[in-house]
Amino acid sequence: MRVWLMCVALATAPSAGLAEKSKKPADPKVRPSADAKGGKAPPKKAPAAGAKPAPASEQDAGTPPARPSFRWDIPAVTAWVESPGLQVTDGVPMHLQLARSSWQMDPLIQHMVDRFRAAGLFISSSPEALNSPIAEPMLTALDTETLTAYTVIFQKNQDNTVTLILGTSDVSKYTPGGSIQLDWAPVMAGAEQVTRSNLEGSQMAMYAVKATSAEVREFYQVELTRAGFVEDPEQPGVFQRGTEQLTIRTQPEGDMLMVGLYRKLGVQPK
C-alpha cells in the first residue's frame, strides 16, 4: 500500500521544465591537503622498539568501513531536474529528481538493477518489482545499513526517450499518522490502510474500502457538495471550491476498492 502511494507521489511530481538542465550537477572536487600540494607525504610513525608486527588477521580486524552512499548513475542523460525541498509520503521524507535518457527502456532497467546490486543494496527479485498500479515499470532498492530506499519509475516518452523519476527516501524517519481521518477531505466509513502524502502545494491520500465505485462516487458527491464543492461536468470525480480542487479516483484491488484523493490549491475555476 505504501509503495503504491509513493509511486503515485513520484509520478505526480512536477515535471515542468525537464529540459531546463541538460547535465547532472558535477560533484564537488576534493581539494588536496597542504602536504599533497607540496608533493610530500606525511611521515609514517615508527613502531616502538622491540615491537612485533601484528598478524595480518589482527591488522584487518575491527569495524568494517561504512558503505559509500549510493549515487544515481543514469546513462545518456539529456535532461536533469532537481525537485526543490523534501516531499513527505506516508510519513517518509523523500527527495525527488527527474532525468531523461536517450537509452531504451529495457537496457535502462537492467542498468539500474546492475547499479543497485553493485552498490550492495537489497532489491526484490520478484516479477512484481517491475509492475505497479500505475502501469509503469518501477524498481526499489534498500540500503539496509542506513535504511535509505531508492525508487525509480520509468516512463516511456513519445520520442522514444525515457523519463526516470528518482526518489530517495529516509525510511528510518518513518512517522505514521495516528488517525484515519483527514482534515481536508471526508473518508468513508470502514476505511482501512489510510496513507497520506504532503507534496508542494498539494496533499494526497489513499485508503481501502469494501464498496463499489458507484457508492464511492455517490458518497463524495453528497459530502463535497454539502461542503461547498461543485463537480466538474466535463471531468467526473473532479470537484472545485474557489481555488481548491479535489480529485477522487478509484481502482479495484482484490476484494477491496482503493480510493485515491488528490487535493491541489491555487487552481483557478473555469
Side-chain angles (χ1 to χ4, degrees), residues 2-31 65-89 92-171 197 199-200 202 204:
R2 188 184 310 161
V3 172
W4 186 6
L5 183 61
M6 183 179 295
C7 293
V8 177
L10 285 168
T12 55
S15 58
L18 183 60
E20 292 177 0
K21 301 180 182 179
S22 60
K23 295 182 180 179
K24 293 174 61 176
D27 293 331
K29 296 182 179 179
V30 179
R31 296 182 178 179
R67 177 186 297 154
S69 59
F70 176 80
R71 292 187 178 184
W72 295 110
D73 175 19
I74 310 301
V77 171
T78 61
W80 184 275
V81 172
E82 296 280 342
S83 178
L86 285 176
Q87 317 296 328
V88 179
T89 298
V92 179
M94 177 173 56
H95 177 61
L96 297 180
Q97 297 164 294
L98 289 90
R100 180 175 290 165
S101 172
S102 60
W103 274 27
Q104 297 298 300
M105 181 77 76
D106 290 344
L108 269 176
I109 293 175
Q110 187 60 54
H111 173 80
M112 295 310 305
V113 170
D114 294 341
R115 289 290 300 153
F116 286 153
R117 287 176 176 166
L121 306 182
F122 171 79
I123 61 175
S124 173
S125 58
S126 64
E128 288 77 10
L130 295 179
N131 293 281
S132 72
I134 56 176
E136 292 169 337
M138 181 193 72
L139 280 173
T140 297
L142 177 67
D143 186 328
T144 55
E145 293 181 359
T146 64
L147 293 181
T148 302
Y150 302 92
T151 299
V152 190
I153 295 178
F154 304 84
Q155 295 180 339
K156 188 174 181 179
N157 303 315
Q158 292 184 351
D159 60 358
N160 291 325
T161 63
V162 177
T163 295
L164 298 91
I165 303 175
L166 313 171
T168 304
S169 308
D170 188 352
V171 184
S197 172
L199 307 174
E200 284 189 56
S202 62
M204 295 180 63

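For reference, positions follow the sequence shown, starting with 1.
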Checklist entry - Are the aromatic ring centres of Phe116 and Phe122 under 6.0 angstrom apart? => result no
Item to check | Interatomic spacing from OH in Tyr150 to CZ in Arg115 - rounded to 0.5 Å | outcome: 11.0 Å
Item to check | Between Thr140 and Thr151, a side-chain donor and acceptor under 3.5 Å | outcome: yes
Item to check | Flag for Asp106-Gln110: side-chain donor and acceptor within less than 3.5 Å | outcome: no
Checklist outcome for this item: Between the CG atom in Leu108 and the OG1 atom in Thr163, the distance rounded to the nearest 0.5 Å is 10.5 Å
Item to check | Reported CG-to-OG1 distance for the pair Leu142 and Thr148, which is rounded to 0.5 angstrom | outcome: 8.0 Å
Item to check | Nearest heavy-atom neighbours spanning Leu96 and Gly167 | outcome: CD2-CA, 4.1 Å
Item to check | Separation between CD1 of Ile123 and CG of Leu139, rounded to the nearest 0.5 Å | outcome: 6.5 Å
Next on the checklist: Ignoring hydrogens, what is the shortest heavy-atom contact between Ser101 and Pro75? Give both atom names and the distance.
Outcome noted: OG-O, 2.7 Å
Checklist entry - Do the side chains of Asp143 and Phe70 get nearer than 4.5 Å, heavy atoms only? => result no
Item to check | Contacts of type side-chain contact (heavy atoms from CB on, under 4.5 Å), residue Thr161, not counting sequence neighbours | outcome: Arg100, Asn157, Asp159
Checklist entry - Going by heavy atoms in the side chains, are Trp72 and Leu164 under 4.5 Å from each other? => result no
Next on the checklist: Before you tell me yes or no, could you show the steps for Ile74 and His111 under side-chain contact (heavy atoms from CB on, under 4.5 Å), namely the whole-Å CA-CA distance, both residues' side-chain angles and the distance that decides it to 0.1 Å?
Outcome noted: CA-CA 8 Å; Ile74 310 301; His111 173 80; 5.7 Å; no
Checklist outcome for this item: NE2 of His95 to CD of Glu82, rounded to nearest 0.5 Å, is 4.5 Å
